Amino acid sequence: MRYVALVLCLISVSECARILGIFHLPGKSHYAAGNTMMKILAERGHDVTLISPFKEKNPPKNFRDVVLTPEAPKEKFDFFNFNVHPLLQSYIYSVQTSPILNATLSHPEFKRFLESKQKFDLVLMEYFFSDALKYLGVYFNAPVIVYSALDANSWINPSVANPMPVSYVQDLLASSDVLSFPSRLERTFMYVCNSLIRNFLYLPIQDKLVKEHFPGAPDIDEYFNNAALMLLNADVSVNAPIPKVPAMVDIGGFHIKPTKPLPKDLQDVLDKAVNGVVYFSMGSNLQSAQMPKKTLAALLAAFSKLKETVLWKWEEDNLPGKPDNVIIRKWLPQNDVFAHKNVKLFITHGGIFSTMEAVYHGIPCLAFPIFGDQVLNAQRASETGYARWMKFHEITEEKVLSEIDEILNNPKYSENVKARSRIMLDKPISPADRLVFWVEYVIRHKGADHLRVAGLELTWYQYLLVDVIFFVAICSVMFVLFVKYVLCYLFSICRKSNSKLKTQ
Ligand SMILES: *[C@@H]1O[C@H](CO)[C@@H](O)[C@H](O)[C@H]1NC(C)=O
């Protein structure tokens, strides 16, 4: 058996490949995704190195990390009061996040890592307005796989020439019902503005960053399209079905691990909650303890009127004014909590990882989205019929109570989410296996040039057929002018011959 494994390892290049992962964002959920992916790959025998701002406490075999400890931010970002127009959000994400990338590329640990002159068979990077990182593919002379925590969208589509018919594909940040005229108008506007921001503000910064840190690097156009594959954290059970080129692969749900037994104290709390449990968490990046006082008071008042037990991920020791039916914990094993039969409702910020876990376990949701894709996720969940939502800053005691009452007492939410759960589980292979297959596929084929669509070779006006439309328009005008000229000519001949006839 051992020899078979050895032979297999020798004949297949992708066995024991050296994989570099770079997940540069200082957000815990982004790190958790990268860490999970790299561990899955390490478990399959690959030799992985993960560059990120966090340290892995129990690294498995074949797993190394390069920790780029970030400088402490000067001021804490106030997410709860982040209520800005989608276009401004788009600008903020694409342009104002560049210092994060700059800090990554100039970090002494990163420089030390580069100087160690290691070799890699593949670079796996997270896309979050980070096209500059694609340069690492050039640097290491290795194929690049881009992972996106978000489904196909106007920011990642251009680099694989993925079509995005704005007539029905929702923008990540736009909000309103998909097919209406105002919504299509809004999306067209967003699409054009995003393209302008990308080409005239965002890409020049990325280009500058690379040239600053890698003197002699080529222009960004040379490697902007170099991703062999895009792994999307999306799944049809949760995301809208939209067109995707063959180089885009959904692996949504890869982060969901088999459930483990709960810690004893938590198991007791959940077992005793015979009236059901409402689980409340605003995710790993938002700290509930920072929420505005008014909203906090409204939530506490609403929860105190419930007969259900509320399990709240609250990151401080105390919660002043906490009603008896509210149990707080600084951290909770969310996926394992969801598996308990008494959990009836999930109150969430609408983050995609949380939404997927809730659907996986068939738990209906009440979402209080704040920014980014959260509104879109909440909206989609409500259209699909397994959630209700309101913007975070619209929270009042009455509204929250009536929404909770509706979800807990109308069986449709629970039925719909269970149907979605069955869709999520109905797959030939698990998302984690799919991730491994495609990573090894790209390594085996040294990239995946055969998946590249020809659209990548076109300029924007060729891609949008502007030249063809222009040509047809000019031909039509010329044809009309020609017909008019011929008719006039024939008409004048007729008139002449008519007048000749009359004079004869
Ligand atoms: C990156 O950071 C350095 C040092 O703070 C700064 O001089 C440089 O202008 C930054 N680069 C970009 C492209 O913002």
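Bear in mind that the values here come from a model prediction, so they are computed numbers and not experimental data.
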* Identify the heavy atoms of Gln170 and Val178 that sit nearest to each other, and give their distance. => NE2-CG2, 3.8 Å
* Would you mind reporting whether Ser288 and Glu315 have side-chain heavy atoms less than 4.5 Å apart? => yes
* Would you say the side-chain atoms of Asp151 pair up with the backbone N or O of Leu232, donor to acceptor, closer than 3.5 Å? -> no
* Could you tell me whether the side chain of Met356 reaches within less than 4.5 Å of the side chain of His255, counting heavy atoms only? => yes
* From OG (Ser421) to OH (Tyr386), nearest 0.5 Å -> 10.5 Å
* To do: Could you name each residue pair satisfying salt bridge (Lys or Arg N to Asp or Glu O under 4.0 Å) that touches residues 45-54, not counting sequence neighbours?
  => Asp47-Arg64
* Asked: Considering residues at least two apart in sequence or located in another chain, which fulfil the ring pair (Phe, Tyr, Trp, His ring centres under 6.0 Å) criterion with Trp312?
  -> Phe280, Phe303, Trp314
* salt bridge (Lys or Arg N to Asp or Glu O under 4.0 Å) against Lys341, all qualifying residues, sequence neighbours excluded -> none
* Structure fact -> All heavy atoms of Ile395 vs all of Ala298, minimum pair found to be CG2-CB, 4.3 Å
* To do: Name the orientation class of the two ring planes belonging to Phe346 and Phe338 (parallel below 30°, tilted from 30 to 60°, perpendicular beyond 60°).
  => perpendicular
* Asked: Counting only N and O atoms by type, is there a donor-acceptor contact under 3.5 Å from the side chain of Thr309 to the main-chain atoms of Asn325?
  -> no
* Kindly compute the distance separating CG (Leu299) from OG1 (Thr396), expressed to the nearest 0.5 Å. => 9.5 Å
* Asked: Are any of the side-chain nitrogens in Asp433 or Arg44 under 4.0 Å away from the carboxylate oxygens of its partner?
  -> yes
* To do: Output all residues satisfying salt bridge (Lys or Arg N to Asp or Glu O under 4.0 Å) with Glu109, sequence neighbours left out; order by chain, then residue number.
  => Arg112
* Check the surroundings of atom CZ in Phe437: do more than 12 heavy atoms from other residues, nucleotides or ligands lie under 6.0 Å from it? => yes
* Going by heavy atoms in the side chains, are Leu203 and Arg198 under 4.5 Å from each other? -> yes
* Asked: When you look at NZ of Lys111, are more than 12 heavy atoms from neighbouring residues, nucleotides or ligands closer to it than 6.0 Å?
  -> yes
* Asked: Any sub-3.5 Å donor-acceptor pair from Ser98's side-chain atoms to Val95's backbone N or O?
  -> yes
* Ignoring hydrogens and geometry, is there a side-chain-to-backbone donor-acceptor pair from Thr188 to Arg184 under 3.5 Å? -> yes
* Got more than 12 heavy atoms from elsewhere within 6.0 Å of CZ, Phe224? -> yes
* For Gln267 and His340, what are the C-alpha separation, side-chain angles and deciding distance, and is it a side-chain contact (heavy atoms from CB on, under 4.5 Å)? -> CA-CA 9 Å; Gln267 181 75 38; His340 195 283; 3.8 Å; yes
* To do: Give a yes or no answer on whether the side chain of Asn199 reaches the backbone of Ser195 with a donor-acceptor pair at less than 3.5 Å.
  => yes
* Gln287 and Glu316: CA distance, side-chain angles, deciding distance, side-chain contact (heavy atoms from CB on, under 4.5 Å) verdict -> CA-CA 9 Å; Gln287 306 278 303; Glu316 315 259 291; 5.9 Å; no
* Phe23: what forms a ring pair (Phe, Tyr, Trp, His ring centres under 6.0 Å) with it, not counting sequence neighbours? -> Tyr147
* To do: Would you check if the side chain of Thr348 reaches a backbone N or O of Gly350 as a donor-acceptor pair within less than 3.5 Å?
  => yes
* Which pair of non-hydrogen atoms, one from Ala228 and one from Val442, has the smallest distance, and what is that distance? -> CB-CG1, 3.9 Å
* Asked: Heavy atoms, side chains only, cut-off 4.5 Å: are Met230 and Ser159 in contact?
  -> yes
* To do: Determine, for Asp265 against Arg329, whether the closest basic-nitrogen to carboxylate-oxygen distance falls under 4.0 angstrom.
  => yes
* To do: Among residues two or more places apart or on two chains, list those pairs meeting salt bridge (Lys or Arg N to Asp or Glu O under 4.0 Å) that have a residue in residues 420-432.
  => Asp235-Lys427
* Counting N and O atoms only, with roles assigned by atom type, does the side chain of Lys313 sit under 3.5 Å from a partner on the main chain of Gly283, one being a donor and the other an acceptor? -> yes
* To do: Determine which pairs satisfy salt bridge (Lys or Arg N to Asp or Glu O under 4.0 Å) with at least one residue from residues 282-300, sequence neighbours left out, and list them in order.
  => none
* Could you tell me the separation between the NZ atom of Lys39 and the NZ atom of Lys257, rounded to the nearest 0.5 Å? => 6.5 Å
* Does Val343 reach the side chain of Leu270, with side-chain heavy atoms less than 4.5 Å apart? -> yes
For residues 367-376, please give each side-chain donor-acceptor pair under 3.5 Å, one per line with the distance, not counting sequence neighbours.
unit_1	atom_1	unit_2	atom_2	d
Asp373	OD2	Asn377	ND2	3.0
Gln374	OE1	Ile370	N	2.9
Gln374	OE1	Phe371	N	3.0

* What closest approach, in Å, do Thr69 and His107 show between heavy atoms, and which atom pair accounts for it? -> O-NE2, 2.9 Å
* Test item: Asn194 side-chain N/O and Ser90 main-chain N/O as donor-acceptor pair under 3.5 Å -> no
* May I ask you to test the Ser154-Asp171 pair for a side-chain heavy-atom distance under 4.5 Å? => yes
* Of all residues at least two apart in sequence or in a different chain, which pass the salt bridge (Lys or Arg N to Asp or Glu O under 4.0 Å) check with Lys55? -> Asp65
* Relative to each other, are the rings of Tyr31 and Phe54 parallel, tilted or perpendicular (30° and 60° limits)? -> tilted
For residues 400-408, tabulate all N or O donor-acceptor pairs below 3.5 Å that involve a side-chain atom, not counting sequence neighbours.
unit_1	atom_1	unit_2	atom_2	d
Ser402	OG	Lys399	O	3.4
Glu403	OE1	Arg388	NE	2.3
Glu403	OE1	Arg388	NH2	3.4
Asp405	OD1	Asn409	ND2	2.8
Glu406	OE2	Asn410	ND2	3.1
Glu406	OE2	Tyr413	OH	2.9

* Asked: Residues in ring pair (Phe, Tyr, Trp, His ring centres under 6.0 Å) with Trp155, at least two apart?
  -> Phe129, Tyr202
* **Nearest heavy-atom neighbours spanning Gly252 and Pro431** => O-CG, 3.4 Å
* Kindly determine whether Ser106 and Glu212 satisfy side-chain contact (heavy atoms from CB on, under 4.5 Å), including the steps that lead there. => CA-CA 9 Å; Ser106 52; Glu212 249 171 51; over 6 Å; no
* Under 3.5 Å, is there a donor-acceptor pair between the side chain of Arg434 and the main chain of Val249? -> no
* **Non-neighbouring partners of His30 that pass ring pair (Phe, Tyr, Trp, His ring centres under 6.0 Å), sequence neighbours left out** => Phe128
* Asked: Should Phe113 and Thr49 count as side-chain neighbours, where that means a heavy-atom distance under 4.5 Å?
  -> yes
* Using modelled atom types only, decide if a donor and an acceptor are shared between the side chain of Asn162 and the backbone of Val245 within a distance under 3.5 Å. => yes
* **Nearest-0.5 Å distance that lies between atom CG in Leu172 and atom CD1 in Ile156** => 8.0 Å
* Structure fact -> Between Asn233 and Phe254, the two heavy atoms sitting closest are OD1-CE2, 3.9 Å
* Met125 vs His24 side-chain heavy atoms within contact, under 4.5 Å -> no
* To do: Mind running side-chain contact (heavy atoms from CB on, under 4.5 Å) on Lys134 and Gln206 for me, showing each step along the way?
  => CA-CA 10 Å; Lys134 291 177 182 165; Gln206 299 285 310; over 6 Å; no
* **Arg187 side chain to Ser183 side chain, donor-acceptor N/O pair below 3.5 angstrom** => yes
